[in-house]
Amino acid sequence: MDYKIAVIPGDGIGPEIVGASIKVLDKIAEKFNHTFNYTEVLAGGAAIDACDNPLPQETVDICLDSDAVLLGALGGPKWDNLPGDKRPEAGLLGLRKSLGLYANLRPAILYEELKAACPLKPEIIGEGLDIMVVRELTGDVYFGEKGRDGDFAAWDIMKYTRPEVLRIAKKAFEIAMKRDKKVTNVDKANVLEVSRFWRSCVEEVAKDYPEVELNHLYVDNAAMQLVINPKQFDVIVTGNLFGDILSDEASMITGSIGMLPSASMADGKFGMFEPIHGSAPDIANQDKANPIATIVSVAMMLRYSLDLIAEADAIEAAVKKTLAQGYRTGDIFSAGMALVGTTQMGQKIIDNL
């Protein structure tokens, strides 16, 4: 089969980790008789430097004409002094909006080989963790009406429409059906009217999935439960603001932000896949970055956008085998392990394919 992949290397370590991931994808193509056609496009700081625009229209057009998008990382201190709508982050928000990417899937997986890196006690994490945070991505205060009354007041409106809540809830329940069939809705319905509305919409969708257990938590309690009893969670569904915070908390429970992928999905199977970590400009071009989060993002791309399940399983198994063999980049290194760089870690995973 032939597939079109839009590739956004981005800034900082982005080109390095994307480069390693493309080599893994090329090995998958060889092993499973596929053809992946890559088109490299600009966004973020690299686009600002090239054309004074964090998201050129050409990038949006090519992404929309592709089967999926692979993104490295955007941003860095070089562009911190630019106006908000001209910074690299505006390119990321623009991608989400232009591509209709309303559902952010953030798995928080604690690998057996890295349990020692988890900040929680062994009796809390047990045999490991596997949580999926489903975050609504194109609504809430990030995209709501904004205003400022001089130096007296400012506001960002938290708003959701019924179709927005129904579609993200449906995505969460569909994912839960393929996992342990449990959804935890996180809101602040004891205080916020928008959360009461959100919760009623989630309960409406739940009626179509009688096999899935639904429960509700207020966001402050959910943040606490993630550190005292994370194993209770299977799929967490929540809004943009709460999801931004909780997905990072869930990720850090696993001990290394450099290990975790993400997917931002539109209707159907189209999505953009990226690691959750930043551009780490302090180690850019030094062959130090951990490529595993991006490589596992490629596995998510194969699984969710291209329906290549065996291929995705092969990548995830190769990553686990490489870790079991003791290979580590600097961010996950511990005594007795073999320290490797970006290129070598990618090659070891390819060898284990």
Side-chain angles (χ1 to χ4, degrees), residues 5 7 9 13-32 34 36 70-73 105-119 125 127-132 251-263 273-278 280 283-304 306 308-353:
I5 311 298
V7 179
I13 61 172
E16 298 170 78
I17 55 179
V18 166
S21 302
I22 292 294
K23 291 179 181 178
V24 171
L25 199 50
D26 286 341
K27 184 64 175 180
I28 288 291
E30 175 189 331
K31 183 179 176 67
F32 290 89
H34 299 305
F36 298 109
L70 177 62
L71 171 64
L105 314 184
R106 287 274 295 267
I109 303 168
L110 178 58
Y111 289 87
E112 175 71 22
E113 295 79 9
L114 299 178
K115 286 175 66 174
C118 178
I125 60 174
E127 296 302 312
L129 299 172
D130 184 357
I131 302 169
M132 177 68 82
S251 300
M252 285 313 298
I253 289 172
T254 68
S256 175
I257 202 168
M259 294 293 297
L260 301 178
S262 75
F273 302 83
E274 60 183 305
I276 70 168
H277 58 68
I283 60 169
N285 303 312
Q286 297 178 41
D287 196 42
K288 291 182 178 180
N290 186 348
I292 290 180
T294 317
I295 290 170
V296 183
S297 295
V298 166
M300 290 188 76
M301 179 179 72
L302 296 175
R303 186 181 307 279
Y304 289 104
L306 308 184
L308 301 178
I309 309 304
E311 292 84 339
D313 289 344
I315 290 178
E316 291 167 356
V319 168
K320 291 178 181 178
K321 184 174 181 180
T322 303
L323 293 172
Q325 291 169 339
Y327 295 105
R328 303 285 189 272
T329 46
D331 60 309
I332 55 174
F333 180 75
S334 59
M337 300 293 105
L339 180 64
V340 296
T342 310
T343 303
Q344 193 175 0
M345 178 62 86
Q347 187 57 52
K348 293 297 181 183
I349 292 170
I350 289 170
D351 293 343
N352 283 322
L353 280 170

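- The heavy-atom pair separating Pro261 from Pro107 by the smallest distance is O-CD, 3.5 Å.
- At a threshold of 4.5 Å between non-hydrogen side-chain atoms, the residues Asn285 and Glu16 count as touching.
- Residues Ser297 and Pro275 approach most closely at OG-N, 3.5 Å, considering heavy atoms.
- A heavy-atom distance below 4.5 Å is found between the side chains of Pro291 and Thr329.
- Shown here for Ala29 and Phe36, the closest heavy-atom pair between the two residues is CB-CD1, 3.6 Å.
- By the 4.5 Å heavy-atom criterion applied to side chains, Met252 and Pro119 are not counted as neighbours.
- Phe273 has its side chain out of reach of Thr294: every pair of non-hydrogen atoms, C-beta onward, lies at least 4.5 Å apart.
- Distance check: Ile292 CD1 to Ile332 CD1 gives 4.5 Å after rounding to the nearest 0.5 Å.
- The environment of NZ in Lys288 is sparse: at most 12 heavy-atom neighbours from other residues, nucleotides or ligands sit within 6.0 Å.
- Under the 4.5 Å side-chain criterion, counting only non-hydrogen atoms from C-beta, Leu260 is not in contact with His277.
- Minimum heavy-atom separation, Val298 to Ser21: CG2-CB, 3.8 Å.
- Note: Leu308 CG to Met301 CE = 8.5 Å, rounded to the nearest 0.5 Å.
- Distance alone, capped at 3.5 Å, is enough to place a donor-acceptor pair between the Asp287 side chain and the Thr342 backbone.
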| Stepwise, does the side chain to side chain contact (heavy atoms under 4.5 Å, CB included) test hold for Val319 with Val296? | CA-CA 8 Å; Val319 168; Val296 183; 4.2 Å; yes
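- The shortest distance between side-chain heavy atoms of Leu339 and Arg328 does not fall below 4.5 Å.
- Here CG of Leu323 is found 7.5 Å from CD1 of Ile349. Values are rounded to the nearest 0.5 Å.
- Note on Arg303 versus Glu316: salt bridge recorded, some NZ/NE/NH1/NH2 to OD/OE distance being below 4.0 Å.
- No side-chain heavy atom of Tyr327 sits under 4.5 Å from any side-chain heavy atom of Asn352.
- When all heavy atoms of Ala314 and Ile28 are compared, the pair lying nearest together is CB-CD1, 4.4 Å.
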| request: Applying side chain to side chain contact (heavy atoms under 4.5 Å, CB included), run through Ile109 and Thr254 and close with a yes or a no. | output: CA-CA 6 Å; Ile109 303 168; Thr254 68; 5.6 Å; no
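- Here the straight-line distance linking atom CD of Glu113 with atom NZ of Lys320 works out to 8.0 Å at 0.5 Å rounding.
- Residues Leu25 and Leu302 form a side-chain contact, since some pair of their non-hydrogen atoms from C-beta on lies under 4.5 Å apart.
- To the nearest 0.5 Å, atoms CG (Leu70) and CD (Glu274) are separated by 9.5 Å.
- Note that CD1 of Ile17 and CD1 of Ile295 are 9.5 Å apart. Values are rounded to the nearest 0.5 Å.
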| task | Walk me through it: do Cys118 and Ile253 pass the test side chain to side chain contact (heavy atoms under 4.5 Å, CB included)? | result | CA-CA 6 Å; Cys118 178; Ile253 289 172; 4.2 Å; yes
